[in-house]
Amino acid sequence: MLTDTRFPGAKVDLIKQEKTLRSAFRLAVLALLVLPNLAMAQEIADTIYSGGPILTINDAAPTAEAVAVKDGRIIAVGALTDVERYKGDTTELVDLGGRTMLPGFVDSHGHVVFGGLQALSANLLAPPDGEVTDIASLQATLTEWAKANAEAVEKAGMIIGFGYDNAQLAELRHPTREELDQVSEDLPIVIVHQSGHLGVANSKALEKAGIDASTRNPDGGVIQRGADGEPNGVLEEYAFFNVLVPLLSDLGPKATAAFARAGAELWASYGYTTAQDGRSSAGIVETLKAVDAENGLPVDVVAYPDVLEAKDYIKDNVSKAYTGRVRVGGCKLTIDGSPQGFTALRDRPYYDPVGNYPPGYRGYAAITAEQVRDAVNWCFENGIQIITHANGEGASDMLIAAISVAQSEYGDPGNRPVLIHGQFLREDQVDSLKRLGVFPSLFPMHTFYWGGWHRDHTVGPVNAENISPTGWLRQRDMMFGSHHDAPVAFPDSMRILSATVTRRTRSGDILGPSQRVDVITALKAMTIWPAWQHFEEGLKGSLEVGKLADFVILSGDPTAVDPETLADLKVLETIKEGTSIYQAEVRKGRLQYGPGRDAAEPFARFLRTLALNRDTGGRARMGLSPSALARAPHSRACVAAALGDIMTAGLEADEPPSNSR
């Protein structure tokens, strides 16, 4: 009992206070015991995943036994016994069945809207993605494709092929206009190089485009010519874009919408939950928003319009917050071209370029140094992120110089500038990138697709060891992203992982063993680091409480398999904010993932419809109507079928996509 003799009557008051304090203490203890359970009772998981390896990509807790999800976010990660506390009567329990779950992949660089470009054309890719190995097989593929759709091709009035690669042709050169003329002299033929930076047109296509011996090279482009001065059919950079872009733009807004839907689904089929549209435009972004308003985008899309063309639009729309599934993340700048196509700007002559190049040829820039400086300064002045395509050492020098000037003028606005590709980076340039705080988004798949070509022709055997120098970056404790640059290559996440870890070429050689990284590092370059690149590391890239429930489920554990088999792992399911957006289907005992190699069937109905449109008076440019692509259903299991369906969809209307359902 409490007593105090200093004050009369204090004894009774102190007894009351003692009782009050004891009651308050009991209530406090009860609250400590009960409130957590009450809170837990209010947080019943919608779904709990367990039963297989779970790689969190969180260094503080790299693996987990279970993950709980509620309202599209992660509410628990860890031991199964702990996560099961969030189980209720309505909780769905997902047994991974030994499959491996990771954070959904974040696209460090790609072009999602035109990721379905391959679907427009005959498949001219080399193995393992196609069957073209020499000019004869290229001609045969085009011929067979045209014959399979003879009536429709004749009425449509053109043939287009995508994905040839002179580096993989036995002749080690581009086809010529004359060789395409052997397929058809009457119909325009355009074939697109796998890099997307150049292509070849036959004589009829050149005639339609108004290109002849008197045509000057456009700024930032080259019309290759024979000894007689006549164009040989090969068009580089802006010379090619000036033919290709009007051709594609005539497809109309419904085409863009169809590409956006198909591209987003293609990305999802490879485990991506966030995609990038890496050289966008105001019109494309608005189309993405319209498609999203119709629930047409299964993944988030971060768009980067071209800074040389859309400054006002970028400034008015850039945001770190999504509107639906779309946001403008910043701006894109392109300094040079394709390294394997010899259009990237080097700081020294190409090693042994294949083609009619002058002595000492170093490639060229697509824009001037002044344009680079102005674009970078504008982005820094306005605090806007800039992602810059620079492949050759010379292009990277231009970017580094421009960022150095911008930082001296405006300081560091925290805009996280990004180098895209950096294929031929020197080691001193890596030091400069670190000093300037530039995030490198590299393209290690080059080691697989073009490793031998770089060794023999672009940079030579010594410097080829250091293309896509991820090892140099990690020696400096730098983050980086690994990308696919689709449609240059398929957005094949497991091929990216394999190339980043093994650097094994198509021919089986290992190119630059010192630049290899371990599996977890390679996975970080596909998850948490590109999430940081996009200012989204607080929501994406790792499995942690509070982050979005963006997951990919693989057929095996990439940290447990032989690294040489990483490319054989399959994406079985992709989950976006707790909702499954892709599930692999089994047909005839085989999982269906990539686009089919036989283009004839997917395009037959498209060409028939196109021919019908032409017969009924549809407008055409080089044989294509403005609405050649439109609405279409999309299979989530077979990309070729989905993209083929796009080609068949209604050519009846040219109005922009509706914003209402």
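Sequence positions, counted from 1, serve as the residue numbers for this chain. Everything numeric here is computed off the predicted structure, so don't read it as measured data.
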Greater than 12 external heavy atoms within 6.0 Å of Asp219's CG: no
Tightest non-hydrogen contact, residues Ala122 and Thr141, listed as CB-CG2, 4.4 Å
Just by distance, no angles: are the side chains of Thr343 and His197 close enough, under 3.5 Å, to form a donor-acceptor pair? no
Donor on one side chain, acceptor on other, Gln515 and Asn466, under 3.5 Å: yes
Quiz question: by atom type and distance under 3.5 Å, do the side chains of Asp485 and His109 form a donor-acceptor pair? yes
Going by distance alone, is a donor N or O of one side chain under 3.5 Å from an acceptor N or O of the other, for Gln139 and Gln182? yes
Can you pull the side-chain hydrogen bond (donor to acceptor under 3.5 Å, both in side chains) pairs that have at least one residue in residues 356-366, sequence neighbours excluded? Glu236-Tyr364
Do Leu142 and Ser184 have side chains that get closer than 4.5 Å, going by heavy atoms? no
Does the ring of Phe448 carry Arg504 above it, NZ/CZ under 6.0 angstrom from centre and within 45° of its axis? no
Do Asp431 and Arg476 come close enough that some side-chain heavy atom pair is under 4.5 Å? yes
Pair Ser203, Asp181: side-chain N/O donor-acceptor within cut-off below 3.5 Å: yes
Looking only at side-chain N and O atoms, does Glu370 offer a donor or acceptor that is under 3.5 Å from a partner on Thr368? no
Paired with Ile400, the side-chain contact (heavy atoms from CB on, under 4.5 Å) test is passed by just one of Leu433, Asp428, Val405, namely Leu433
The test is salt bridge (charged side-chain N to carboxylate O under 4.0 Å, His left out); show your working for Glu393 and Arg348 and say whether it passes. CA-CA 8 Å; Glu393 308 97 325; Arg348 70 201 76 180; 3.6 Å; yes
Are side-chain N/O atoms of Asp492 and His484 paired as donor and acceptor at under 3.5 Å? no
For residues Asp277 and His111, is any side-chain donor paired with an opposing acceptor at under 3.5 Å? no
Which atom names give the shortest non-hydrogen contact between Arg495 and Ala567, and what distance separates them? NH1-CB, 3.8 Å
Going by atom types alone, do Glu409 and Asn377 pair a side-chain donor with an acceptor below 3.5 Å? no
Picking from Phe342, Tyr350, Tyr351, what satisfies ring pair (Phe, Tyr, Trp, His ring centres under 6.0 Å) with Trp453? Phe342
Answer yes if the side chains of Tyr304 and Gln385 hold a donor-acceptor pair under 3.5 Å, and no otherwise. yes
Might you work through the salt bridge (charged side-chain N to carboxylate O under 4.0 Å, His left out) test for Arg173 and Glu179, ending with a clear yes or no? CA-CA 12 Å; Arg173 63 172 177 82; Glu179 285 163 336; 2.6 Å; yes
Testing the 3.5 Å rule here: is there a donor-acceptor pair between the side chains of Gln276 and Ser108? no
